[in-house]
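Please read these numbers as outputs of a predicted model, since none were measured by experiment. Throughout, protein chains are lettered first and strands after them, A, B, ... in sequence-line order, and every chain is numbered starting at 1.
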Amino acid sequence: MPELPEVETVRRGLQRLLPNRVVKTVESDTPKSFPNSEADVSQFLIGAHVTQVRRRAKVLLIDLSTEYTLVIHLKMTGQMVFVGTERFGAGHPNESLISSLPNKSTRVMLTFTDDSKLFFNDFRKFGWMRLLPTIQVPELDFFKKVGPEPLSVEFTDKVFAERLKRRARTNIKAALLDQTVLAGVGNIYADESLWGAKIHPATKVGDLKPAQLKQLYKELQYVLLLAIEKGGSTDKNYVDAEGKKGSYMSFARVFRREGLPCPRHTEVLVEKSRVAGRGTHTCPVCQVIAI
DNA sequence: CACTTGACCTGTCCGC
DNA sequence: TGCGGACAGGTCAAGT
């Protein structure tokens, strides 16, 4: 579930909270979540301080003073939650999560020298965290193949159209979800941007007109920027670096709104189907397959 | 190579 | 009420 806006929201929180904190201890409940050897951990993580927190695609990168980096993928249900030494009072919106930590979803717990903590929680165990030399991060297979950042200045509508060409025979939703075409889009923002551009998700990429691609490019940027502004989308599980939920879902036009009115045609209800193997939300009036 | 499908997990919800 | 099965959706491996 964490897509670009959610991971970016977490990154901004961690960038505000982590730099200069020194790692004291690390505990992990399963090697699947954090496979590094104890030798690497004690040499390159314990005693290191955080220098900065970056993001590429849906991956978080916590850089350390040892020139190692914690590379983190939250996949669907991962959370990175920082808990400082000041405690909230009862009734604080984050208190129930914060006070439960570590809980049964906690996979990795970092404790800093000031006794603040960083929790990596992930109940489905799809996510992972690993320690790598910073210089080796770009050499990971994923980073060698991943496409451009959709909010970067280099990513123009021309670049978007060009990169979609090699996926001409598949449907546009599968192409948007393909991280080698562009980085960071997942199921939520694929559906939201396609509704915005009035394109049916099952439309073949090769059948889309240049004007439609240009509109999709604009809608994609609009929903990603709006979602970052709203702190991401919390459907069930997602929270930011302080345990807070995101509010984009209350702005969503079609995602998880099956059976509710389309914002453009209040007499028509949003439908749910399956495209590219994913639950897909569309308006049957505005989104018609181009021929 | 382009493209699709299933596996990885576990919690929740729906129908019987 | 209990229980089985479908579903959630990011990425990779294996399939066509």
Side-chain angles (χ1 to χ4, degrees), chain A residues 1-11 28-35 55-61 71-80 96-97 100 103-108 120-130 137 140-147 149-150 162-194 201-207 224 227 232-239 245-246 248-249 252 254-259 271-282:
Chain A
M1 217 192 359
E3 305 180 26
L4 187 154
E6 289 74 31
V7 179
E8 176 61 19
T9 301
V10 173
R11 184 201 71 78
S28 173
D29 79 330
T30 159
K32 183 178 162 61
S33 298
F34 188 44
R55 177 191 61 77
R56 174 75 171 102
K58 300 172 190 170
V59 179
L60 276 171
L61 301 166
V71 183
I72 302 159
H73 202 308
L74 301 175
K75 292 290 180 84
M76 260 94 68
T77 58
Q79 304 174 328
M80 293 297 296
S96 63
L97 171 64
S100 77
N103 61 29
K104 66 178 177 178
S105 296
T106 300
R107 305 295 166 220
V108 186
F120 171 39
N121 307 321
D122 183 19
F123 80 85
R124 283 171 78 178
K125 301 183 189 174
F126 286 2
W128 46 263
M129 170 189 281
R130 53 197 275 213
V137 171
L140 290 170
D141 284 347
F142 177 83
F143 284 130
K144 284 198 282 191
K145 291 185 299 186
V146 73
E149 287 292 322
E162 188 60 36
R163 296 192 67 85
L164 281 171
K165 277 186 183 166
R166 63 193 181 84
R167 302 301 306 263
R169 296 160 66 86
T170 192
N171 60 65
I172 185 63
K173 177 153 179 175
L176 288 178
L177 295 175
D178 181 345
Q179 300 297 296
T180 71
V181 173
L182 75 165
V185 177
N187 208 35
I188 301 171
Y189 305 108
D191 280 7
E192 288 289 291
S193 59
L194 286 165
T203 311
K204 298 286 178 240
V205 172
D207 291 338
L224 293 175
S233 298
T234 295
D235 181 21
K236 294 192 177 78
N237 189 252
Y238 165 76
V239 292
K245 297 178 178 192
Y248 179 85
M249 290 298 276
V254 287
F255 190 79
R256 286 290 156 76
R257 289 179 49 80
E258 58 270 30
E271 295 179 348
K272 186 167 182 184
S273 62
R274 193 153 276 266
V275 178
R278 312 289 166 83
T280 296
H281 310 77
T282 52

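Ring pair A:Trp128/A:His73 is tilted by interplanar angle, where 30° to 60° counts as tilted.
When the side-chain nitrogen and oxygen atoms of A:Arg167 are compared with OP1 and OP2 of B:dC3, one or more of them lie within a distance under 4.0 Å. The side chain of A:Lys236 contributes no N or O atom lying less than 4.0 Å from OP1 or OP2 of B:dT12. The shortest distance between the side-chain N/O atoms of A:Thr170 and the OP1/OP2 oxygens of B:dT4 is below 4.0 Å. Contact annotation: A:His73 reaches the phosphate of C:dT11 (side-chain N/O to OP1 or OP2, under 4.0 Å). The phosphate of C:dG9 has neither OP1 nor OP2 within less than 4.0 Å of any side-chain N or O from A:Lys75. For A:Arg274 and C:dA6, the shortest distance from a side-chain N or O to OP1 or OP2 is not below 4.0 Å.
Proximity of A:Lys204 to A:Arg169: side-chain heavy atoms (C-beta onward) are nowhere separated by under 4.5 Å. Contact check for A:Leu61 versus A:Arg11: no side-chain heavy atoms found under the 4.5 Å cut-off. With contacts defined as side-chain heavy-atom distances shorter than 4.5 Å, the pair A:Val59/A:Val71 qualifies.
Counting non-hydrogen atoms under 4.0 angstrom, A:Gly186 reaches the backbone sugars and phosphates but no base.
Nucleotides B:dC3 and C:dG9 place their P atoms 23 Å apart, quoted to the nearest Å. Nucleotides C:dT11 and B:dG11 place their P atoms 22 Å apart, quoted to the nearest Å.
No hydrogens or angles were tested; on distance alone, nothing pairs the side chain of A:Arg278 with the base of C:dA8 as donor and acceptor under 3.5 Å.
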Problem set entry | Canonical and wobble pairing (Watson-Crick, G-U, under 3.5 Å) of DNA chain C, dot-bracket with | | .|||||||.|||||||

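A:Glu3 has no carboxylate O lying under 4.0 Å from a charged side-chain N of A:Lys58, or vice versa, which leaves the two without a salt bridge.
With DNA chain B read from its 5' end, the first of the two nearest nucleotides for A:Phe126 and A:Asn171 is the one closest to A:Asn171.
A straight line from CG of A:Asp29 to P of B:dC9 spans 13 Å, rounded to a whole angstrom. Between A:Arg169 atom CZ and B:dC1 atom C1' the separation is 12 Å, expressed in whole Å. What separates CZ of A:Phe120 from P of B:dC9 is a distance of 14 Å, to the nearest Å. Atom NZ in A:Lys272 sits about 15 Å away from atom P in C:dA6, given to the nearest Å. The nearest whole Å value for the distance from the CZ atom in A:Arg124 to the C1' atom in B:dA7 is 12 Å. Rounded to an integer number of Å, the gap from A:Asp191 CG to C:dA8 P is 11 Å. Counting to the nearest Å, the P atom of C:dC12 and the CD atom of A:Gln179 are 9 Å from each other. What separates CE of A:Met76 from P of B:dA7 is a distance of 15 Å, to the nearest Å.
Under the side-chain hydrogen bond (donor to acceptor under 3.5 Å, both in side chains) rule, A:Arg107 has a single partner from A:Asn121, A:Asp29, A:Asp122, which is A:Asp29.
Judged purely by distance below 3.5 Å, without hydrogens or angles, the side chains of A:Lys173 and A:Thr280 pair a donor atom with an acceptor atom.
Distance from the side chain of A:Lys58 is smallest for C:dT11 among the nucleotides B:dT4, B:dC8, C:dT11.
Between A:Leu164 and A:Ala175, the shortest heavy-atom distance links the atoms CD2-CB, 3.7 Å.
Between the side-chain ring of A:Phe142 and the base of C:dT11, no stacking contact exists by the 5.5 Å and 30° definition.
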